[in-house]
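Notes follow the structure.
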Number of protein chains: 2
Amino acid sequence: MKISNTKATILTEALELIQLKGYNGFSFHHLSEKIGIKTASIHYHFATKGDLGIALVQKIRAEAGDYFTQLDRDIADPGKRLEKYFNIFRSTFENGHRMCVGGMLALESKTLPAELVAEVRCYFDDHEAWLSKTLQIGRKQKVFSFNKSSREVARNLFAALEGAMLSACAFGEVERFNAAATWYLNQLRS
Amino acid sequence: MKISNTKATILTEALELIQLKGYNGFSFHHLSEKIGIKTASIHYHFATKGDLGIALVQKIRAEAGDYFTQLDRDIADPGKRLEKYFNIFRSTFENGHRMCVGGMLALESKTLPAELVAEVRCYFDDHEAWLSKTLQIGRKQKVFSFNKSSREVARNLFAALEGAMLSACAFGEVERFNAAATWYLNQLRS
DNA sequence: GTCTATAAGATGATAGAC
DNA sequence: GTCTATCATCTTATAGAC
């Protein structure tokens, strides 16, 4: 689907603001100053703040889906594939110490509109489903080794990755993410 | 140190609000309604919202310190000690799906006063230091097994626990915390 | 599509009476 | 210590001109 320039810019800047300050930590005014547009104009594109949040998560979910397809197509080894997947998070943090938007919104769940919460859960589902599939393939190829179901391990791994991002954010240190991610990966390798 | 009744009540209710909605998701008005006191009265006890946050983290740090002492004294086996430590997080979540306050504030760091951020980092340091000590003892007793320094593993483990809480909060499911925590623990056991 | 103007409520904080 | 009253500011959102 084609999205107008302004609409896309709003989503891009809103993403950064949420990753840095959270949904409750940014306002239409912050957005308007970053973009150089009045708050009323933002409301033209997104009726409410909740609508903006929903559109934002839908957009990043679609982008993640495309990236998953790309990883599956371009990288044969499930181990390398997983490493490359980890880079999404690392790059996010390296780009101004941003948090994963899904994890950020997850912690703010109790203050968000229900439809946005639902979208955030779909975000988790997407990642966990891809991880599950990748882990399963890797186990079949003897690249990974684990006892529980791939679905459960995927959940644990994704949770751990979110925690690694949180820890990195707490101190502003990428190294915290890297060390944790490496540890998790080594636990899974055969 | 002795803390007046009202002051203690404010801290107790503020803790719940932050664990549920985050620092930016709660207001003095929310607090005042829960406690049955006017917002002006809260300002008598804590000059600013930041001061309230700082006092709150200092209080829970002190309580955690007491609990660490208690665990070290009462539970001989490092494995059991760690399991019991995990219960802090489990109970927190089971009590109304609350997030760990340290992890919540960590993600809001970029919107918090500097002194509060420093306090949050001390909170992380406290937990990681105790975990490091416990892991080291456990390794000496062949209860745990790991290659890296106990300090690094402690960081990875604490990050993973925060992630497990985040994941549980995302879906409102304790099981997500339990499954992740069990997995982490099994990775460490000899 | 974007603007000005404005509404209506929330928010952190203070002054001064009781 | 707690209250009423009040403040300045911020926040989401709308109406209507351009």
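Bear in mind that the values here come from a model prediction, so they are computed numbers and not experimental data. Within every chain, numbering begins at 1; the chains are lettered A, B, ... in the order of the sequence lines, protein sequences first and strands thereafter.
- Applying the 4.0 Å criterion to OP1 and OP2 of dC3(D), one finds that S41(B) has a side-chain N or O inside that range.
- Rounded to whole angstrom, the span from the CD1 atom of I42(A) across to the P atom of dT14(D) amounts to 14 Å.
- Using a 4.0 Å heavy-atom cutoff across all strands shown, S27(A) reaches sugar-phosphate atoms only and no base atom.
- Of the listed residues (T111(B), D51(B), I54(B)), just one forms a side-chain contact (heavy atoms from CB on, under 4.5 Å) with L116(B), and that residue is I54(B).
- When the side-chain nitrogen and oxygen atoms of T6(A) are compared with OP1 and OP2 of dT2(C), one or more of them lie within a distance under 4.0 Å.
- Heavy atoms only, all atoms of each residue included: Y23(B) and I18(B) are closest at N-CG2, 4.1 Å.
- What separates CG of N24(B) from P of dC10(D) is a distance of 15 Å, to the nearest Å.
- Counting to the nearest Å, the P atom of dT4(D) and the CD1 atom of I37(B) are 11 Å from each other.
- Between dG12(C) and K49(B), a contact under 4.0 Å exists linking OP1 or OP2 to a side-chain N or O.
- Aromatic ring pairs are classed by plane angle as parallel below 30°, tilted from 30° to 60° and perpendicular above 60°; the pair F68(B) and Y85(B) is tilted.
- Within the 4.0 angstrom heavy-atom criterion, only backbone atoms of the sugar-phosphate kind lie near F28(B); the bases stay farther away.
- H45(B) places its NE2 atom 8 Å from the C1' atom of dT2(D), with the value rounded to the nearest Å.
- Atom OH of Y23(A) is separated from atom P of dT12(D) by 8 Å (rounded to the nearest Å).
- Nucleotide dG12(C) holds its P atom 15 Å from the CZ atom of F46(B), rounded to whole Å.
- A salt bridge is absent between E16(A) and K110(B); no separation between the charged side-chain nitrogens and carboxylate oxygens falls under 4.0 Å.
- Among the protein residues, F26(A) comes within range of the sugar-phosphate backbone only, with heavy atoms under 4.0 Å from sugar or phosphate atoms but none that close to a base.
- If you measure from atom NZ of K38(A) to atom C1' of dA7(C), you get 18 Å, rounded to the nearest angstrom.
- Under 4.0 angstrom from either OP1 or OP2 of dG1(C) there lies at least one side-chain N or O belonging to Y44(A).
- Relative to the six-membered ring of Y67(B), K84(B) misses at least one condition, a distance below 6.0 Å or an angle of at most 45° to the axis.
- One interatomic measurement links the two molecules: NE2 of H29(A) to C1' of dA5(C), which rounds to 16 Å at whole-angstrom precision.
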